[in-house]
Colleague: 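I am attaching a structure below and will ask some questions about it afterwards.
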Amino acid sequence: SRCTGPGVATRGARANWMGGQAMQAEAATSMATVQAATPRRQGQPHRVWRALLPTLLAALPGSSMAASIALRLRANGASWSDTGEGCSVGSWEELGQKVQGLGHPTLDAEGWWLADEEGLNVSSWDALTALPAEHSRLFSVVPAGKLFQWGPRPVGERFALNLESREGVEIETVAQSPKVFLLHNLFNEEEADWLIERAGNRTGENALAASGIGFRTTGSRELGSTRTSASAFDADSDMAQLLIRRCFEALRIPFSMGMADGLQILRYEEGQAYISHRDWFTVGIAGDDVNFDSENGGSNRYATVFLYLSPPPSGGWTVFPKGTLEGGVEDSMFVSTGRNKTALEEAMKVAESHFKPGWEVDLTQECYSRLAVKPVRLGAALFYHQDPMTGRLLPEAEHGACPSMTGTKWGANLWIWNKARHLSNPKGVTSSAPEACKVELVNSEAEAVDVQYSMDNGLAWNHFTTIETRKTFGATSYYGHSWRFMRSGGGEALGTWTVPEDVRSVRFTSSPEKGEEL
């Protein structure tokens with residue numbers, strides 16, 4: 001039969017299996033491409049033999065076993081309750097024709113990949129046929145160049161999220177528009193306390209300071225009167241790296257530090273808040289130097305993971321004013337539906353006595369009358385900012401940090417981008433957009449090399465990409481950024497370069513030669 005739509009939802013534990021192929025995460029410019037391995041799992045030996053048995057039997061002379069596979073297809077990020085017709089295919093090429101028959105404009109016969117029910121990559125016929133017999137045959141079809149996105153399940157239903165980095169993690173649907181999920185047991189008390197203590201003790205440029213707004217993450221901050229928290233970024237500590245990688249794994253996105261802003265540690269003291277806003281950047285805000293149009297090849301924030309490190313005694317919710325309440329959602333320790341009139345009246349009394357008439361009072365009204373996630377200790381929220389098939393930026397992902405009514409709230413958020421993010425101007429230039437410099441990174445070695453970048457004069461280095469031998473890699477950078485080549489596997493530094501001032505194009509090589517201005 002012909003595949004015509006998304007597949008029927010199924011529920012059940014997924015057996016461990018061996019498979020998965022490499023996938024690409026495109027860089028922020030046409031010159032740069034970040035290659036990373038798709039998450040995969042190791043199967044137990046008896047499961048591997050069980051998976052291979054049908055193939056071996058089919059190869060025997062006179063075998064009557066059918067060579068085709070019955071499966072169901074649905075769009076990336078589609079609701080698990082969506083229905084559709086299944087199909088039967090006998091080759092990867094035939095599957096490509098069925099995918100194209102789905103009729104989605106972003107899909108063609110070759111520009112796609114499959115994700116199974118756990119979001120793991122299945123990108124070849126061998127990987128598909130090697131799946132154990134009990135493995136679900138419901139797959140998400142992900143357009144080439146796009147990232148996997150979790151699809152909503154029935155509200156309140158938890159299901160296990162199998163991670164190599166941590167056991168016992170569960171994901172739970174809160175809303176479908178925007179897509180909001182709870183991530184249970186994503187981190188522990190030791191990790192939360194460590195982040196809070198480090199943020200509170202840091203000094204100098206890395207110390208907690210008034211939270212900024214805008215698209216720069218280094219240099220002097222652009223402040224706004226409607227964001228009153230304090231924050232500090234941590235991208236270099238072992239703990240931050242551990243949690244950042246875990247978040248990537250939970251979202252089934254191949255890890256690349258170039259696709260994250262770092263972990264932002266936030267402190268909201270009593271009365272502090274952040275007006276409802278969007279995490280993604282408006283297309284054109286940075287002029288022609290930065291392409292934020294994720295629907296047309298650009299890079300922008302794709303998802304937010306917010307960790308509730310230490311909630312306040314009251315308040316401090318995360319509100320989604322454009323969120324749609326799903327059937328079955330009720331007030332709980334994790335979620336507020338905005339239906340509790342008594343809670344609204346009490347919150348408004350506190351707000352009107354604490355604040356002057358203005359945005360804080362309006363935000364409090366919004367917080368206690370609309371869908372909101374409550375800051376439970378060691379809880380986490382996940383929400384998406386882009387359409388999973390087209391990359392369209394979603395206005396409904398607007399959200400706000402409700403005032404902490406009593407006490408202090410500590411949190412941490414990670415912004416994950418759909419591609420390598422722009423690198424902000426380290427000097428905090430006050431013009432409408434920083435002056436970009438096109439950088440060519442040349443590996444002149446006889447082996448692959450790792451490339452790292454720093455935006456703080458070499459205090460912290462982040463992995464950018466790996467360049468194969470005798471290859472060139474392109475990126476967009478800015479004055480004052482540093483780049484260095486490292487022997488793969490954590491070896492010695494081969495060369496370190498800094499982007500000079502008033503240069504629009506430069507070439508850096510792995511050999512100890514001076515960078516060349518183009």
Colleague: In the structure I gave you, are the side-chain heavy atoms of S299 and N291 within less than 4.5 Å of one another anywhere?
Modeller: no
Colleague: With a 3.5 Å distance limit and no angle check, can you tell me whether T472 reaches the backbone of V442 through a side-chain donor-acceptor pair?
Modeller: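 Side chain of T472 to backbone of V442, a donor-acceptor pair under 3.5 Å: no, none is there.
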Colleague: Got a donor-acceptor contact below 3.5 angstrom from the K146 side chain to the D387 backbone?
Modeller: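 Judged by distance alone, no pair lies under 3.5 Å.
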Colleague: How far does OG of S88 sit from CZ of R137, to the nearest 0.5 angstrom?
Modeller: 11.5 Å
Colleague: Testing the basics here: between A397 and P178, what is the closest heavy-atom pair and its distance to 0.1 Å?
Modeller: CA-CB, 3.9 Å
Colleague: So that I can tick it off, tell me whether K322 and E396 are bridged by a salt bridge, with the cut-off set at under 4.0 angstrom between side-chain N and carboxylate O.
Modeller: no
Colleague: In terms of side-chain geometry, is the basic nitrogen of R153 or E172 positioned less than 4.0 Å from the acidic oxygen of its partner?
Modeller: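 A salt bridge is absent here (no side-chain N lies under 4.0 Å from a carboxylate O).
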Colleague: Of the non-hydrogen atoms in A260 and L414, which two are nearest, and what is the gap between them?
Modeller: CB-CD1, 3.9 Å
Colleague: Could you tell me if T390 and T106 have a donor-acceptor pair between their side chains, going purely by distance under 3.5 Å?
Modeller: no
Colleague: Ring centres of W92 and W112 under 6.0 Å apart?
Modeller: yes
Colleague: I'd like to know whether the aromatic ring centres of W150 and F159 sit less than 6.0 Å apart in this structure.
Modeller: yes
Colleague: To check you understand the geometry: which heavy-atom pair defines the closest contact between W125 and V89, and what is its length?
Modeller: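 In terms of heavy atoms, the two residues are closest at CH2-O, 3.6 Å.
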Colleague: Looking at CD of Q452 and CZ of R484, how far apart are the two atoms once the value is rounded to the nearest 0.5 Å?
Modeller: 4.5 Å
Colleague: Looking only at the side chains, is there a donor atom on one of E249 and S165 sitting less than 3.5 Å from an acceptor on the other?
Modeller: yes
Colleague: Do L128 and L71 have side chains that approach each other closer than 4.5 Å (heavy atoms only, starting at C-beta)?
Modeller: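 Counting from C-beta outward, L128 and L71 do come under 4.5 Å.
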Colleague: Is the closest basic N to carboxylate O distance between E191 and R246 below 4.0 Å?
Modeller: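 Salt bridge present between E191 and R246.
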Colleague: Using the ring of each side chain (for Trp, its six-membered ring), is F306 parallel, tilted or perpendicular to Y308, with breaks at 30° and 60°?
Modeller: tilted
Colleague: Ignoring hydrogens and angles, tell me if any N or O in the side chain of K179 forms a donor-acceptor pair with the backbone of G77 under 3.5 Å.
Modeller: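 Judged by distance alone, yes, a pair lies under 3.5 Å.
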Colleague: Under the side-chain contact (heavy atoms from CB on, under 4.5 Å) criterion, do I285 and V290 qualify, and how do the steps go?
Modeller: CA-CA 8 Å; I285 191 174; V290 181; over 6 Å; no
Colleague: Hey, could you give me the CG/CD distance between L95 and E93, rounded to the nearest 0.5 Å?
Modeller: 9.5 Å
Colleague: Once you round to the nearest 0.5 Å, how far does CH2 of W280 lie from OG of S294?
Modeller: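 Here the rounded value is 8.5 Å.
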Colleague: Validate the cation-pi geometry between R166 and F187: distance from NZ or CZ to the six-membered ring centre under 6.0 Å, angle to the ring axis within 45°.
Modeller: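 Geometry flag: not set, cation outside 6.0 Å or 45°.
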Colleague: Between E117 and S136, is any side-chain donor less than 3.5 angstrom from a side-chain acceptor?
Modeller: yes
Colleague: What pairs with T498 under side chain to side chain contact (heavy atoms under 4.5 Å, CB included), at least two apart in sequence or on another chain?
Modeller: S482
Colleague: Who pairs with Q241 by side chain to side chain contact (heavy atoms under 4.5 Å, CB included), at least two apart in sequence or on another chain?
Modeller: R245, F255, M257, N462
Colleague: Output yes when a side-chain donor or acceptor of D234 lies under 3.5 Å from a complementary backbone atom of S237, and no otherwise.
Modeller: yes
Colleague: Which of parallel (below 30°), tilted (30 to 60°) and perpendicular (above 60°) describes H399 and F320?
Modeller: tilted
Colleague: For residues Y384 and Y302, establish whether the separation of their ring centroids is below 6.0 Å.
Modeller: yes
Colleague: Using the rule given for side chain to side chain donor-acceptor pair (under 3.5 Å), can you reason through D279 versus T304, listing the C-alpha separation, both sets of side-chain angles and the distance that settles it, and then say yes or no?
Modeller: CA-CA 8 Å; D279 282 347; T304 296; 2.6 Å; yes
Colleague: Do H385 and N300 pair up side chain to side chain, a donor and an acceptor below 3.5 Å, judged on atom types alone?
Modeller: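 There is no such pair (donor and acceptor under 3.5 Å, judged by atom type) between the side chains of H385 and N300.
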Colleague: If you define the side chain from C-beta out and look only at heavy atoms, does anything of D450 sit under 4.5 Å from I467?
Modeller: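 Of all side-chain heavy-atom pairs linking I467 with D450, none is under 4.5 Å.
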Colleague: To the nearest 0.5 Å, tell me how far L186 CG sits from E170 CD.
Modeller: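 One gets 12.0 Å once the value is rounded to the nearest 0.5 Å.
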Colleague: Is the shortest side-chain heavy-atom distance between N413 and L263 below 4.5 Å?
Modeller: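 N413 does not reach L263 side chain to side chain.
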Colleague: State whether W415 and R301 meet the cation-pi test: NZ (Lys) or CZ (Arg) under 6.0 Å from the six-membered ring centroid, and within 45° of the perpendicular axis.
Modeller: yes
Colleague: Can you tell me how far CG of N185 sits from CD1 of I171, rounded to the nearest 0.5 angstrom?
Modeller: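 Going from the CD1 atom of I171 to the CG atom of N185 covers 13.5 Å.
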Colleague: Grab the two heavy atoms, one from R370 and one from G323, that are nearest each other, plus how far apart they are.
Modeller: NH2-O, 3.2 Å
Colleague: Side chains of F148 and N76, heavy atoms from C-beta outward: is any pair under 4.5 Å?
Modeller: yes
Colleague: Carefully, step by step, assess E118 and R252 under the rule side-chain contact (heavy atoms from CB on, under 4.5 Å).
Modeller: CA-CA 8 Å; E118 284 200 12; R252 300 305 193 228; 3.7 Å; yes
Colleague: Please test S444 against T509 for side chain to side chain donor-acceptor pair (under 3.5 Å), starting from the C-alpha separation and ending with a verdict.
Modeller: CA-CA 7 Å; S444 59; T509 68; 5.1 Å; no
Colleague: Restricting to side chain to side chain contact (heavy atoms under 4.5 Å, CB included), what partner residues turn up for I275, sequence neighbours left out?
Modeller: T226, W359
Colleague: Decide yes or no on side-chain contact (heavy atoms from CB on, under 4.5 Å) for F485 and T496, but give the supporting numbers first.
Modeller: CA-CA 7 Å; F485 297 87; T496 301; over 6 Å; no
Colleague: Under a 4.5 Å cut-off applied to non-hydrogen side-chain atoms, are T466 and V449 in contact?
Modeller: no
Colleague: Do I265 and F233 touch side chain to side chain, with heavy atoms closer than 4.5 Å?
Modeller: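 No - every pair of side-chain heavy atoms lies 4.5 Å or more apart.
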Colleague: What orientation do F281 and W417 show, parallel under 30°, tilted 30 to 60°, or perpendicular over 60°?
Modeller: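 Because their plane-to-plane angle lies in the 30° to 60° range, the rings of F281 and W417 count as tilted.
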Colleague: For the pair L494 and R487, evaluate side-chain contact (heavy atoms from CB on, under 4.5 Å) and give the outcome as yes or no after the intermediate values.
Modeller: CA-CA 7 Å; L494 298 171; R487 295 199 184 279; 3.5 Å; yes
Colleague: If only atom types and distance count, is the side chain of D126 paired as donor or acceptor with the main-chain N or O of A130 below 3.5 Å?
Modeller: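 Absent.
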Colleague: One thing to verify: whether E295 and R392 come together as a salt bridge, which I'm taking to mean a side-chain N less than 4.0 angstrom from a carboxylate O.
Modeller: no
Colleague: Shortest non-hydrogen contact from S79 to Q176?
Modeller: CB-OE1, 3.6 Å
Colleague: Looking only at heavy atoms, which two atoms of F139 and H135 are closest? And how far apart?
Modeller: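 Where F139 meets H135 most closely, the heavy atoms are CE2-CE1, 4.5 Å.
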Colleague: Would you call C87 and E94 a side-chain contact if the rule is heavy atoms closer than 4.5 Å?
Modeller: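 No - every pair of side-chain heavy atoms lies 4.5 Å or more apart.
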